[in-house]
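Scroll down for the structure; my scribbles are underneath it.
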Amino acid sequence: MNKVVELVIVGAGPAGIEAALTASTAGVEVTLIDSAPSPGGQYFQQNPQGFKKESLAASQVKAQRFLGRLSSSKVTVLNHTLVWGIFEGTQPGTWCLTLHGPTAPPRLHAQAVILATGAFDRAIPFPGWDLPGVITAGAALRMIKHQRILPGKRALLSGTGPLQLQTAALMVQAGAEVVAVCECAPALLKRGVAQLPSVWGQWERIKEGLDYLNVLLQARVPYRLGWAVTAVDGEERVRQGAIQKLGPAGNPISPGEVFQEIDTVVLGYGLTPRTALVRQLGCDMEYQTRCGGFVPRRDSSLQTSRAGIYAIGDGAGLGGAEKAILEGRLAGYAVANQLGYLSEVNAKAILARDNPALRREDRFAWTLATLFSPPAGLYALADDDTVICRCEQVTLGQLRHAIAAGAQTVNDVKNLGRAGMGNCQGRTCGTIIAQIMTVETGKTVEDLRYFNIRPPIHPLPLHVIEEYNPGSFQREDRQ
Amino acid sequence: MSGGNTYDVVVVGAGVIGCSVAYALTAAGFKTALLEREHVGAGASGANFGMVQSNDVELAHTIPMLKVSKAKYEGLEEALGMSFGLRRIASLRLLSSEKQWQLSEERSKVLRRNGIPYEFVPAQRIKEIEPLVDPHELFGATYAPDQGQLNPFLLMWAYLRRALSIGLALHTFTEVTGFEIEGGQVRGVRTTRGPISCGMVVLATAAWTRHLGNLLGQEWNIHTFRASAMVTEPVYDLQLRTILSTADHIEMEVSGKEDLELTVLAVTQTPSSHFLIAQADRPGEVLSPLISHAAPKSMAIMAGRYLPALRKARLLRTWTAPTTYTDDGRPLLGPVKEIDGLILAAAYRSAIIHTPFAGEIVTELITTGKCDLVDLSPFTPERKMEAVDSFYTVKSDSSQI
C-alpha cells in the first residue's frame, strides 16, 4: 500500500511557498516540490551559493524573509525535482504524482494537490527568430540574476510591458550595450492615462518602473514606443536585427531600420500560464485574455474541476507575485479546511478578509494585460519558410497546408503535421499556432482550443520511467 | 448548430471508419454530416500504430472482407490526393513457450490457405529477422512478412480533406445525447449543440457504441479494454525492422499489489525513427482519456526487458484509449433490426485494414438497402456470439486490479 501524504504543492514560487506555510501552520502535512536547486521561483530567485551578497534590493529583502519562514517551518521541501506526471491515485479521491530528482521518491500519493507552476515567456515568431542569440526576457533575467552570465555584449530588445524594462536596465547595469528597446504597445501613453485609477496606490511598483527607466535614460538607450523587431539575420547566429514602426493593429507600417553587429535579441512579449499539469489531468479550461490564455476553471476556493486539485498564481492566470501570495494563502486555508483542520466559520472569515486585496490585485493585472498584450498584427511577421514549431521543425508554410486540409483546432494541426509533438509538447508554439489560425480561418482562439498534454511533461529516459536506477544510467541522465 | 441542420445521413464518430464512411457517402451524393464528441481521431483511431494487419483477423468469417479492403489500399493515396505514409512491414510475434505456438498453429494454416503468409520461426532464426531482439529465453516467433503500416491521423485527414472539399459537414466537439425515432424510423439525433434532422444514422463509434445503444434501449455485445502507448524521441542508432509483439499476457507487479497490470507488448519504429511502444491494460468498461499511473512504468519495464538498448532513449509522450472487442472477434456491421435507418459500423478488430471497404459497404447499404459487396450476415448487430480465439482476447482476473 502506498503512503498517502496530505498535501503536495508543485512549484516553490511566491504562491506555492505561501500556500505551504499557510497549510502547514494550520496543521497540514505538506510536501513542496520545485525543479530548481533551491526554493523561490522566478520572483524570489536566489543566487547560487558562493556568490557575494551585494546590496539587496527591496524585493530581495522580502525574499529572504519569506524563505526564512519556509526553512523554519515543518514543510518538507523537495528541490531539484521534476514532476513529470499527475494521475488518478490508486485509492479513490487521491492523486499520484510521478517525480524525478536526486532525493525524491519516484511517486507520491496525495489527498490534495496545489499546482503553483508559474508562467513562462511568450515569444512571437518572425524570420530568423530561431537563430542562436535570440532569447526571451525571462531567460536573460535568469542568466544575469541567477547565473551571473551576460547574455550578450550588444543587444536589441523587443516586447511589451514592465518586464522588458527591468531586463533592459539589468543588462545595462551588467555591462551590455543595449542598442534599442522596442515597446510594441500602440498609443501607450494615451491609453495609459485611462487606466490611471487602477494603478493608483501601486506606488512601490511605479517607483520600481521609474527606477528602471532612469537607468535606461542615463545610458541613453533609445526607447521606441510602437516599434518592434520584425526580422533578424545572421549565419549560425544573430548578426543584425531590423525594427519597424507598427500600425494600430500591430502590422509594420514603416521601412525597416537595421542594427548591425548585434549578438543578442531579447524578446519579452509577456507571459503564458504554465498549465501542462492541469491539462494533463483533463481539468476544465476557460479562455481568459487578461489571464494570458487558457487557464483552469476554478471555484471560489481556487479548486479546479477535479476535486482536490487546486491551481494558484500565474499558472492559473497571470497576476504577478502579490496576487500569487494572496491566492497561496486562500488555497492553503481551503486545503486545511478540506482536510478538517479548519472550521467552516474560520474559512469564511479568511475569505472575507483577503477578498478585497485579491480584487485590487486582479484589477491591476487587468490593467497590465489591457496595456501590454501583443497586437494581432505581430503574428503576421513570419513567412512560409519561418520555423514555428522548433522541436519538430515545422514551418509556417507546412502549418498553412494543414490548415487548408480542414484543421479545426490546434490539435488537428498537430496531428496533420507534427507541430507540438516534440520535446516541449507545444509549450512555445501552441499559442502562436492558435493566433496564426485565427488569421487563416477567422475562428476565435477559444474555438481553436489548446494542445492535449500527455505525461511525461518533461522528456525523460525510459529507465527513469521504469524506476530502474543502476548508478551508470543516473549519472548520464543528470548532465 | 449554424445554418441548415438537416442531412440525408449523420455519421457519428470521426475515427478511421467514420471518416471513410463520411467520405464515401459524400462522394455518392448524400448530404452528410460527421459528428464527433472530441476532435478528429481522439479515440482509438488516433492512439494506435496504424498497423494494416491481416495476421490478427478473426478466421472464420472476416477474411473475405479483409482481403477486399486490403486491396483497396492500392492507389488510395493517389485517389485521395494525399500521402498517409503507407509502407510494407513485417510483423514478428515473440513466443515464450511451445504452447503459444500450438495456439497459433491453426491460425497459421488458415491464413496461409488464404494467401496471407504467416510462419513459425525457431528462436535461433529470430536474430536474422530482427537483430535487436535477444532470443535466448524465447521458444520462437510467428512471422508475417506482408503486413503494412500507415499514419492513422493522415489517413483520417486524407478522407476528410477530400470529403470537406465536396460538401461534408464536420462537427467536432458535438456529442450525441439522444435519437429521434418515429414509428420505428430514425428522424434525427440530439446533440450537445442542438438537434439535427436526418433520415439515416451510422454509428462508427467504437468504444462509445454500447453507451449510445443504451440510449436506444439496445444491449449490443461490445466490450472495451484500455490500450496504452508511448513514443520516444528519434533513436537513430537502433533500427527495428519489424512490428514486434509478445504473445504472453504477462502479469506483473508494478509497485505493490494494487498496481497490478496486464500487459501485451507491441513495439515499432516509425520512418522518422521514433519508437512506439504499446500495451493492453485495464480490462473493463473504461472510457477515461487519462492514462493510469502504472501504465508508463509497466510499458517501460517491458520495453527494457525485450530491447535493453531503449532504456537510454528519452520518452516524449504516453497516452491511452479505450479499445473495443466482441466475444466472437467480428465487428458489428449492418442495419439494426427494428430501427429503420440506423446502421452500425463498430467494434472492428484491426480497424485500419477494414477502413477503405467500410465506407463502400455502408454507402451500398444506404443506397440500395442491401449489400451485395460482401455477405454481412456474420456481422449482424443482434447475432448470438460464441467466444472464440481466446489467444487474442485480453483476459484478467479483474478482482485483482
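Worth knowing before you read on, the calculation uses all heavy atoms, side chains too, and leaves out hydrogens, waters and symmetry mates. Within every chain, numbering begins at 1; the chains are lettered A, B, ... in the order of the sequence lines, protein sequences first and strands thereafter.
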Go through the steps to decide whether A:Ile465 and B:Met230 satisfy the test side-chain contact (heavy atoms from CB on, under 4.5 Å), and finish with yes or no.
CA-CA 11 Å; A:Ile465 308 291; B:Met230 59 193 202; 5.6 Å; no
Answer with side chain, backbone, both or neither: which region of B:Leu164 has an atom nearer than 4.5 Å to a non-hydrogen atom of chain A?
side chain
Are the side chains of A:Asn452 and B:His39 in touch, meaning some heavy atoms are under 4.5 Å apart?
yes
Please list, chain by chain and in numerical order, all residues satisfying side chain to side chain donor-acceptor pair (under 3.5 Å) with B:Gln269, sequence neighbours excluded.
none
With a 4.5 angstrom heavy-atom cut-off, which part of B:Thr232 approaches chain A: side chain, backbone, both or neither?
side chain
Would B:His293 and A:His109 satisfy side-chain contact (heavy atoms from CB on, under 4.5 Å), going step by step from the backbone distance to the final call?
CA-CA 11 Å; B:His293 68 86; A:His109 290 258; 4.1 Å; yes
Looking only at non-hydrogen atoms, find the nearest pair between A:Arg454 and B:Thr318 and report the distance.
CB-O, 2.9 Å
Go through the atoms of A:Gln280 and report whether side chain, backbone, both or neither lie under 4.5 Å from a heavy atom of chain B.
backbone
Ordered numerically, the heavy-atom neighbours of chain B under 4.5 Å found in residues 399-410 of chain A are A:Ala405, A:Gly406, A:Ala407, A:Gln408, A:Thr409
Which distance, rounded to the nearest 0.5 Å, do you find between the CZ of A:Arg306 and the CG of B:Leu290?
5.5 Å
Taking atom CD of A:Glu392 and atom OG of B:Ser272, what is their separation to the nearest 0.5 Å?
7.5 Å
To the nearest 0.5 Å, what is the distance between NZ (B:Lys297) and CD (A:Glu467)?
3.5 Å
Chain A contact via B:Leu170 - side chain, backbone, both or neither, heavy atoms under 4.5 Å
both
Segment of A:Asn415 engaging chain B (4.5 angstrom heavy-atom cut-off):
both
For the atom pair CG (A:Leu416) and CZ (B:Arg161), what is the distance rounded to the nearest 0.5 Å?
10.0 Å
Chain A: which of B:Pro296, B:Ala158, B:Pro234, B:Pro152 shares the most heavy-atom pairs with it under 4.5 Å?
B:Pro296
State, yes or no, whether a side-chain contact exists between A:Asn423 and B:Arg314 at a heavy-atom distance under 4.5 Å.
yes
Could you check B:Asn151 against A:Arg418 for side-chain contact (heavy atoms from CB on, under 4.5 Å), going step by step and ending with a plain yes or no?
CA-CA 11 Å; B:Asn151 178 324; A:Arg418 302 201 57 80; 5.8 Å; no
Let me know which of B:Arg311, B:Lys312, B:Arg305 forms a salt bridge (Lys or Arg N to Asp or Glu O under 4.0 Å) with A:Glu466.
B:Arg311
Say you draw a straight line from CG of A:Leu460 to CG of B:Leu316; how long is it, rounded to the nearest 0.5 Å?
10.5 Å
Nearest 0.5 Å, what's the CH2-CG distance between B:Trp157 and A:Asp412?
4.0 Å
Who wins among B:Met82, B:Glu233, B:Arg317 for the most heavy-atom pairs under 4.5 Å with chain A?
B:Arg317
